[in-house]
Each structure stands twice: as C-alpha cells, then as structure tokens.
> 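One structure is given below, represented as structure tokens, and several questions about it will come after.
What you see is a predicted model, and the numbers here were worked out from it, not measured in a lab. Only heavy atoms go into these numbers, but all of them, side chains included; no hydrogens, no water, no symmetry mates. Proteins come first, then strands; the chains are lettered A, B, ... in the order of their sequence lines, and each starts at number 1.
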Amino acid sequence: MNNGHTNVLLIEDNPGDADLVRLRLMESDAGVNVSCVNRLADGLASMAKHPPSVVLLDLNLPDSRGSDTFRKVLEQSPGVPIVILSGQDDEKLAMKALHQGVQDYLVKGDITSSHLDRVMRYAIERQALIRSLEMSRQQQLEFKNQFLSHVSHELRTPLTAIHQFVTILLDGLAGEINPEQRYHLGTVLNSVHQLRAMIRDLLEATRAESGKIHIEPRCVTIVDLIQQAVSMMSPTAKEKRVGLEVGLDARIPFVYADADRVLQVLINLIDNGLKFTPAEGSVLVKACLVDADSNMVYVSVSDTGCGISSEARNLIFERLYQDPNSVDNNRSGLGLGLFIAKELVELHGGRIWVASEVGNGTTFSFTLPLYSLAKLLFPVVTDQGRLRDAVALVKLELSPLPGIAQGNWKEVCHHSLDRLRRCVYLDKDLVLPVSGRVGQSENLFVAASTGLEGAEIMMKRIREQFEGAEGFRSAGCVKVSATAVAMPVRDEAKALEALVQTIADQITGMAMAVLAGKPSSQGADGEINAAQNLQRQITTSDIKSN
Amino acid sequence: MDKPKILIVDDDPDLRRALKIRLRANHYDTVQASDGYSAIAVAQKEQPNLIILDLGLPAGDGYVVLKRLRDSDGLSDIPVIVLTARDPHSNEEKTLQAGATAFFQKPADNNELLDVIRTALPNAWPGTALPS
C-alpha cells in the first residue's frame, strides 16, 4: 500500500467486466488505484516490477486458463493476496484455489461495491497475518537453535568438571580408593557419558532439522566400520550380559559413505538394541548384498528384545518419540537417536526401516550406496552428455621431512585432502577417494577434467597451496606430476556409461602403475601392497556393478 | 632434561586445577593463564612447549590468542591444542586453519588428549611422558 492507497492490479481480458469492476472500486473508496492488464504475462510482469496490494484475477485469459492461472501467480508472488473474479460459480475450483493460497473467490455477477471493498481489505489483512506468522515461526526456529546451542555449551562446562575430577579419583591421582568407592565412581562416570551423549544428540537433531548436517562420502569398508562399532559397544554388551555378534557376507564391496557418520548410525542402532534386550539375549549386526538391489549394501541390527508394537513402529523414527512400553524406563534417553540415524542414512541416499513383532525382537535395517568409481567419474569425463576432449590424472606424493613425529605427519596427511580439494574444481574434478601409502609417503590422485595444459595450472595451484602453507612446509614436501588419460575413440553408438567405465578402468590401471613403477627406494613390498590395496579399493565395486 | 612445560589457558579455575593434576601425574610441568591477554604474557615469560587453549575467554578469545601466538616471534612454533565446550562443527576447521594442532570438545577423553599432547610435543621429548 503505497501512499496509504490500495494498489489493485486487475487481470481481466473482457473490457466490459473490467469496466464494471473499476466502477465498483471507484464507488466504494477514493483511496484505490487500479491498473488493468488483459493478459497473464503482462500481469506477472507488472507484479514483478510494482508489487500490488492485491490482485483481482480472472481465470480465463488469452494466455492461461483455469487453475493454471492462479497457480502461476502464486508461484511467482506467493506473498501477494489474490482474489479470483470468476464468471462461474464453481465451488470445487474455489476450494482448490483457497487450499493453494488464494484469499477469496467471487462470482462476477454477484459483486457489489461494498462487498468487493470488504473482500479486498480482508484479503490484504489475512495475507499480512500469514506473513507475520511465518516470520515469527522463522524467528522461533532460530531462537530455538540458538537456545539449544547455548544450553549445550553451558551444560558442557560443569559436566567437564565432573568428568575430570571423577576420572582423577578413579585413576588414583588423589589417593587410593577402595573397591566400593570405585564401583560408585564408575556409576558416576557412566552417567557423565550418558549426559554427554544426550547433549550431543540434542545439537545433532537441531542441526539435522535445519539442514546443517553435511556428509563427506569416501570409499569406505563397511566391514571395518561394523567391527569398529561392535568393539566399541562390547563393554556395554558384556556389562548387560547380552551377546553381540557379527555376521558378514563373504565379499562385501566398498560403500560410498562418510565413515564417521555411518559409525554413528551403527553405534546408535547397536546401543538401542542393547538397551531393549534383556540379559542373556543377543544383538546381531549383519551386512549383505541383495540381488534385487545391486547398487546398495544392506546393513541390519537385530535384537532378541521385547519387540515394538505396530503403532510404535510407525512413529519410531520421529523426533522425541519414545515407546511407552519400552522395558528400560528409567534410562530411556531423549528419543533422538533413531531420528538422527534416519537423517544420516537419508543424507547418504539410503533408507532405514524397522521390522518387529512384540515379544519376538526387532530388526533395524538400512542401505548405503556402493562405491563406484565410474559413477563418481561421470562429471569428470563428460560434459553435457558428451565425452570431454581430454582428461588427466594428477598425482601428489607427500613425504615427511626427516625427524617429523609420526603422529604429526598423520595429522598433516589428514588435512592434505582438504587442502587438495581447494585446488580443484569440485564440480568437475575428482580427488580419488582412496590413497596409496608407500612407506611414510602418501600418494593422492586427482582425476582432472582437463588436458595436460590445464593440469599444469592445477599442479601450480597445488604446489602453491602446499608449499605456501606453514603447517605443511614445516612437516613435509610435495611432488606433483600429471599423465594424460587416452580418451576412447568416439563411438556415439556405444553407451556413455560403458565409455566412462573404460576410462575408470584405465585410471585405476594408471594409478596402480604409477604406484608400482616408482623407483624402489622404500622397499618393493610396501609398494606392491599399496598398489594392490589401491586396485582393490578402486575396482572392487566396479566389477561388482558390471 | 627438564620436563615439558604446558600452558593451560582456561577461565574456569576448576578445569585448570583438574588439568594440572592430570598433566603433572603424566610428568608434565604446568603453568596457567585465565584470559586471552595474560595467556600471551605468560607464554612469553614461560616459553611453554605446548599450550592447551580454551576458546571462550575474557580479554581476547581463543581465536585472538591463536592469531597473536602465530604472529609473535618465538611463540609461533608452539603447538596449540584447543579444548573448548564450543561446537566442533563451527569451530574445529576454523581453529585448525588458524594454526591449532588439534581440536577437542569438552569433556574430552583423557587418553586421547594425552596421546595428542605426546605426538604434538617437539621431538626433544620422544615418548617422555609415560602414563602414570
């Protein structure tokens, strides 16, 4: 409403109807400015330039008809109140329009000036209310996030003091303690760990809700992750006298996933299984391939616990949900673990579900995508559905300076991947999600979407990035080299996927050759192992998916 | 050879006291500072071999301290381990980029922290501090 006037945009192609509406508007109020257009396209253009206070919209226009008309207006300007002026009294269409966000639906023949005036004013008011509701919802959400973040920070400080001094007592740093004291302090320490997990979940759930969790998928061995999770949870299992077993398919390929996040999901599910399984029961973690779904690995965690009712099964992945019939009422947590697990699995492109029968145990299952180099290489090798002219394989060899502690060097290598990612175009170059270690030095590879000339520029960037960084320069040195990847002769009849697969195989072979063919300074065994390991990692799942 | 000296920078006296007990038990000497300003002064005077640094500090937060350490002659090579209650998602990468050696969220696992201290210490003390 500029200058206190109501600016009305009338979109109406019938001159007679347009005049009539204009007349009604003039009769009712002096503070109304009307501009009129007779095509939807002109109306949309005018709204984009000068947003009106309200739109009076005829549905059947030369360039749009029926519900399409209001849908397009809503799409472009969701915040502007719309009143439909229709020739027909169509209750069904009117309801549809209202459900989608239109403010009112009037039949042209029935309009009086006072009626139209009131409808317009109310429409504007209602729209303003919706806007302020949405704004306050956003503010509330922001406030909630800030509040939780603040609370978790403030809770951690006293929790840290409790943790520190309990461990000081337990470790005998303040004098000997007797077995009973040790037992009680152990209980305190367990509670500290639970509290810490709850604070972490609280923040994780908030972050999941506002879309702030990012995953960094790499080529990972799900078998290792399962074993890691099981060994982390086995003390808890022992304490509860619940068996914790692993069942693995003989040949599980690599998955493309964020190892930390998958570990988090596994621990969550195992912890859940242990929590709801009585003593002498068992929890079984399995991973297998399913013929019907050849792009995924299936992971499941089954327990012999109390089972979940069908009502609870429907709600179990909801935030804050807790089964009221669960056995372990006194230590039930916040009800966030499964919600977080679901969010994390879905971020990987997998799904998670539960099968259970009351009294007969529960099985949680989730899927993770198989790692396929060909799939990852697609944007490197192709551009808008065609093969690129050239592709290069860039190799980085990072070696530690003499006298650098192993732990420090590990840390440096850990940050090198991130450093390398800053030197490439992440949308069209690929840092191979594996590395080959030869003795102390670490080999990284980039599949670059460019020929050797472009690769030169990338190599220069890499040298500057590594050698210019104090943290790296003081610990190690970097050697960079590039090899051109021969592109297959163009054969448009051949499927693009097959070509990409050929190139993926070639890159694998080249990376292996680069590793194995290096002058043998650090022991041939190490190099052969590194090459074999690399080959295993790069190819396993590709062979599988063929 | 003297024991490695660790500077503990935290505004919470309880935490400083607890860390002191833990580190001394592991054969480290400790000195302390409770704010960002005195952290630099103590570092200059005491020349510690390693610094454990909180982020939320009065008189110059942990980031300011990191920057000042990196910019000071004689202090720029001291490894810094950040130990904070703040969220790792928004702070871990930032602190490492600012020159920290490692990031821990409170409450941290004692053994992990001691491991990192051992590997971060300059080579003059290879494996000196054995767990008590």
Side-chain angles (χ1 to χ4, degrees), chain A residues 145-146 148-175 189 192-193 195-197 199-200 202-204 206-207 212-214 216 260 401-412 414-415 418-419 422 469-471 474-475, chain B residues 10-26 54-56 70 76-77 79-81 83-93 96-111 113-127 131-132:
Chain A
N145 288 353
Q146 274 178 9
L148 280 177
S149 158
H150 183 72
V151 164
S152 94
H153 178 264
E154 292 304 309
L155 290 177
R156 271 174 195 282
T157 305
L159 186 63
T160 303
I162 299 173
H163 175 254
Q164 283 291 342
F165 286 104
V166 169
T167 52
I168 282 171
L169 292 173
L170 271 172
D171 292 347
L173 302 184
L189 189 60
V192 167
H193 289 150
L195 205 50
R196 181 168 65 174
I199 295 172
R200 188 201 54 216
L202 208 59
L203 263 189
E204 281 281 277
T206 316
R207 287 164 45 76
K212 278 189 188 153
I213 292 185
H214 300 289
E216 263 205 55
D260 291 342
L401 294 179
I404 288 295
Q406 210 167 1
N408 285 351
W409 177 241
K410 255 194 203 154
E411 193 74 17
V412 169
H414 181 70
H415 295 303
D418 290 329
R419 190 164 275 144
R422 290 199 285 272
E470 175 66 32
S474 57
Chain B
D10 202 301
D11 57 339
D12 179 354
D14 292 338
L15 191 101
R16 289 201 306 272
R17 186 160 54 90
L19 269 180
K20 178 176 157 182
I21 296 173
R22 174 71 55 186
L23 292 171
R24 296 221 158 165
N26 284 274
D54 188 16
L55 287 183
R70 290 293 160 253
S76 61
D77 289 337
V80 178
I81 294 173
L83 179 60
T84 177
R86 288 192 193 170
D87 179 18
H89 296 289
S90 37
N91 290 291
E92 180 163 7
E93 220 184 302
L96 295 178
Q97 268 168 18
T101 309
F103 179 98
F104 282 94
Q105 187 176 30
K106 291 179 190 169
D109 183 90
N110 290 318
N111 290 328
L113 181 65
L114 288 167
D115 270 352
V116 170
I117 290 173
R118 261 193 293 279
T119 51
L121 273 174
N123 292 325
W125 293 278
S132 59

> Which pair of heavy atoms, one from A:F165 and one from B:I21, lies closest together, and at what distance?
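Looking at all heavy atoms of both residues, the closest pair is CE2-CD1, 4.3 Å.
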> Chain A: which of B:R17, B:E93, B:R24 shares the most heavy-atom pairs with it under 4.5 Å?
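Max contact count across the listed options: B:R17.
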> Working to the nearest 0.5 Å, report the span between CG of B:N111 and CG of A:D171.
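Going from the CG atom of B:N111 to the CG atom of A:D171 covers 7.5 Å.
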> Tell me which of these, A:R196, A:R207, A:Q164, A:H214, has more heavy-atom pairs under 4.5 Å with chain B than the rest.
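The option with the most such pairs is A:R207.
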> Taking all non-hydrogen atoms of both residues into account, name the closest pair between A:L173 and B:A25 and its distance.
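Closest heavy-atom pair between A:L173 and B:A25: CD2-CB, 3.5 Å.
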> Hey, could you give me the OG1/CG distance between A:T167 and B:D109, rounded to the nearest 0.5 Å?
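That separation rounds to 9.0 Å.
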> With a 4.5 Å heavy-atom cut-off, do B:R22 and A:I168 have their side chains touching?
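Contact flag for B:R22/A:I168 side chains = yes.
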> Any heavy-atom pair between the side chains of A:L159 and B:K106 that's under 4.5 Å?
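No, too far: nothing below the 4.5 Å cut-off.
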> Using non-hydrogen atoms and a 4.5 Å limit, figure out which bit of A:H163 sits close to chain B: side chain, backbone, both or neither.
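The answer is the side chain of A:H163.
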> Quick check for you: among B:H89, B:R86, B:R70, which has the greatest number of heavy-atom pairs under 4.5 Å with chain A?
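The residue among B:H89, B:R86, B:R70 with the greatest pair count is B:H89.
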> I'd like to know which of B:D115, B:L15, B:D12, B:N110 tops the heavy-atom pair count under 4.5 Å against chain A.
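The residue among B:D115, B:L15, B:D12, B:N110 with the greatest pair count is B:N110.
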> Can you measure from OG1 (B:T84) to CZ (A:R156) and round to the nearest 0.5 angstrom?
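Separation between the atoms: 9.5 Å.
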> If you tally heavy-atom pairs under 4.5 Å against chain A, which of B:A85, B:P79, B:G56 wins?
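Looking at each option in turn, the highest pair count goes to B:A85.
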> Starting at CG of A:L203, measure out to CD of B:Q105 and round the result to the nearest 0.5 Å.
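Between A:L203 CG and B:Q105 CD, I get 7.5 Å after rounding to 0.5 Å.
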> Against chain B, label A:R200 side chain, backbone, both or neither, depending on which of its atoms sit under 4.5 Å from a heavy atom there.
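Answer is neither: A:R200 stays 4.5 Å or more from chain B.
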